[in-house]
Novice: 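Quick one: structure below, then a few questions.
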Number of protein chains: 2
Amino acid sequence: MRLPVRRAMEVCPVEVAVSAVGGTWKLTVIKHLLEGPRRFNELGRLVPLANTKTLTRQLRELEDDGLVLRTVYPEVPPRVEYSLTDLGRSLQPIVEAMNAWGKDFERTHAD
Amino acid sequence: MRLPVRRAMEVCPVEVAVSAVGGTWKLTVIKHLLEGPRRFNELGRLVPLANTKTLTRQLRELEDDGLVLRTVYPEVPPRVEYSLTDLGRSLQPIVEAMNAWGKDFERTHAD
DNA sequence: CAGCATCCGCTCCGATACTG
DNA sequence: CAGTATCGGAGCGGATGCTG
């Protein structure tokens with residue numbers, strides 16, 4: 001995955017968005033960050049199935065794409081906070097649409 | 001990838017939606033199917049970067065997930081039409097949100 | 001605490017060639 | 001036309017252990 005944005009543009013705007021938020025856990029992380037800044041292990045607890053390596057990479061990609069801001073506080077023990085940029089916050093409609101669809105799916109396809 | 005829906009439910013509704021539409025090209029295919037039924041090669045032309053193998057699998061997964069209906073017409077040459085189910089059509093808000101975001105990204109990050 | 005390093009299996013994806 | 005078969009490579013994702 002992870003189609004370069006430039007190529008995604010040639011295909012469809014939808015794919016541009018997919019290339020930005022398509023990674024595993026990315027949208028869930030963004031959903032939590034919409035509530036406010038979160039620390040690394042805090043996000044790890046909020047997304048229980050993601051291990052540190054995966055979570056780290058997703059966060060780096062989000063950072064590289066300008067959706068997430070990483071702030072390091074030079075303390076001991078170290079503290080790192082992740083927050084959304086304006087561009088990241090602009091994903092809110094997508095997150096809400098997907099959250100609503102997922103909820104509805106759970107309701108209608110309930111066990 | 002391709003987290004089972006059951007596990008996705010344990011994490012977040014957002015991940016449920018991701019597990020359904022997270023594959024490459026899937027959302028673009030759905031976007032085109034929102035316009036009406038399309039044949040296999042027709043979709044191939046609409047999503048130029050997808051090869052037949054990948055396109056086939058994505059369509060099969062969408063079919064298995066109940067989002068897409070596959071209709072075979074017993075003719076020569078063969079004709080197969082793909083269309084959206086009600087559940088598939090319910091993805092429209094997601095497609096539109098992502099399409100809008102992608103367009104906006106292209107506009108503000110224009111070359 | 002917030003990660004990076006390493007190993008490793010697996011899935012995914014692309015290219016090519018072939019079939020009913 | 002609408003796929004399937006096969007091969008191959010890349011990258012994701014998990015487990016574990018280590019570091020400033």
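So that the names make sense, note that chain A is the first sequence line, chain B the second, and so on, each numbered from 1. Nothing here was measured: the structure is a model prediction, and the numbers come from that model.
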Novice: Quick check for you: among dG14(C), dG14(D), dC4(C), whose closest atom lies nearest to any side-chain atom of Arg60(A)?
Specialist: dC4(C)

Novice: Restricting to side chain to side chain donor-acceptor pair (under 3.5 Å), what partner residues turn up for Arg79(A), sequence neighbours left out?
Specialist: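 Arg79(A): side chain to side chain donor-acceptor pair (under 3.5 Å) contacts with Glu75(A), Glu81(A).
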
Novice: If you take any heavy atom closer than 4.0 Å to DNA chain D, which residues from residues 64-72 of chain B end up in contact?
Specialist: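 Under 4.0 Å from DNA chain D: Arg70(B).
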
Novice: When the distance from CG of Leu55(A) to C1' of dC4(C) is rounded to whole Å, what number comes out?
Specialist: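 About 14 Å, once rounded to whole Å.
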
Novice: Is the backbone of Ala50(B) close enough, under 3.5 Å, to the side chain of Thr54(B) for a donor and an acceptor to pair up by distance?
Specialist: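 No; judged by distance alone, with no hydrogens or angles, the pair does not exist.
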
Novice: Among residues two or more places apart or on two chains, list those pairs meeting ring-ring contact (aromatic ring centres under 6.0 Å, His included) that have a residue in residues 42-93 of chain A.
Specialist: none

Novice: Whole angstroms only, please: what is the CD-C1' distance between Glu61(B) and dT11(C)?
Specialist: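 Between C1' of dT11(C) and CD of Glu61(B): 11 Å.
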
Novice: Closest heavy-atom contact between Glu106(B) and Val16(A)?
Specialist: OE2-CG2, 3.5 Å

Novice: Check side chain to side chain donor-acceptor pair (under 3.5 Å) between Ser90(A) and all other residues, then give those that pass, not counting sequence neighbours.
Specialist: Trp101(B)

Novice: Does Thr56(A) make a side-chain N or O approach to OP1 or OP2 of dG3(C) shorter than 4.0 Å?
Specialist: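 For dG3(C), neither OP1 nor OP2 has a side-chain N or O of Thr56(A) closer than 4.0 Å.
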
Novice: Roughly how far, to the nearest 0.5 Å, is CZ of Phe105(A) from CG of Leu67(B)?
Specialist: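 So the CG of Leu67(B) and the CZ of Phe105(A) are separated by 8.0 Å.
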
Novice: Rounding to an integer number of Å, can you tell me how far Leu59(B) CG sits from dT4(D) C1'?
Specialist: 15 Å

Novice: Tell me whether the OP1 or OP2 atom of dC1(D) has a side-chain N or O from Tyr82(B) closer than 4.0 Å.
Specialist: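 Answer no for this pair, as no side-chain N or O of Tyr82(B) is under 4.0 Å from OP1 or OP2.
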
Novice: Could you pull out all residues at least two apart from Glu96(B) that satisfy salt bridge (charged side-chain N to carboxylate O under 4.0 Å, His left out)?
Specialist: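 Listed in chain order: nothing, the list is empty.
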
Novice: Mind listing the side-chain donor-acceptor pairs of residues 27-48 of chain B below 3.5 Å, one per line with the distance, residues two or more places apart or on another chain?
Specialist:
| from | atom 1 | to | atom 2 | distance (Å) |
| --- | --- | --- | --- | --- |
| Thr28(B) | OG1 | Glu15(A) | OE2 | 2.5 |
| Lys31(B) | NZ | Asn99(B) | OD1 | 2.9 |
| Glu42(B) | OE1 | Arg39(B) | N | 2.9 |

Novice: When rounded to the nearest 0.5 angstrom, what is the spacing between CG in Leu59(B) and OG1 in Thr52(B)?
Specialist: 11.0 Å

Novice: Quantified as the angle between the terminal helix axes (five pairs each), what is the overall bend of the helix from dC1(C)-dG20(D) to dG20(C)-dC1(D) to 10 degrees?
Specialist: 50°

Novice: Side-chain heavy atoms nearer than 4.5 Å, only ILVMFWY residues, links allowed to pass through others: does that put Val21(A) and Leu69(A) together?
Specialist: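 The answer is no; the residues belong to distinct hydrophobic clusters.
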
Novice: Please enumerate all residues that pass side-chain contact (heavy atoms from CB on, under 4.5 Å) together with Val72(B), with sequence neighbours excluded.
Specialist: Arg70(B), Val80(B)

Novice: Would you say Gln58(B) reaches dC13(C)'s phosphate, i.e. side-chain N/O to OP1/OP2 under 4.0 Å?
Specialist: yes

Novice: Please report, rounded to the nearest Å, how far the P atom of dC12(D) is from the CH2 atom of Trp25(A).
Specialist: 15 Å

Novice: Residues in side chain to side chain donor-acceptor pair (under 3.5 Å) with Arg89(B), at least two apart?
Specialist: Asp86(B)

Novice: For residues 31-49 of chain A, which residues have at least one heavy atom under 4.0 Å from DNA chain C?
Specialist: Arg39(A), Phe40(A), Asn41(A)

Novice: Please report the distance, rounded to the nearest Å, between CZ in Arg57(A) and C1' in dG14(D).
Specialist: 11 Å

Novice: Under the rule for salt bridge (charged side-chain N to carboxylate O under 4.0 Å, His left out), what residues qualify as partners of Glu10(A), not counting sequence neighbours?
Specialist: none

Novice: Has Thr54(A) got a side-chain N or O lying under 4.0 Å from the OP1 or OP2 atom of dG14(D)?
Specialist: yes

Novice: Determine, using the 4.5 Å side-chain heavy-atom cutoff (strictly less than), whether Trp25(A) and Leu55(A) are members of one ILVMFWY cluster.
Specialist: yes

Novice: Can you check nucleotides 16-20 of chain D for protein contacts, nitrogen or oxygen pairs under 3.5 Å, and list what you find?
Specialist:
none

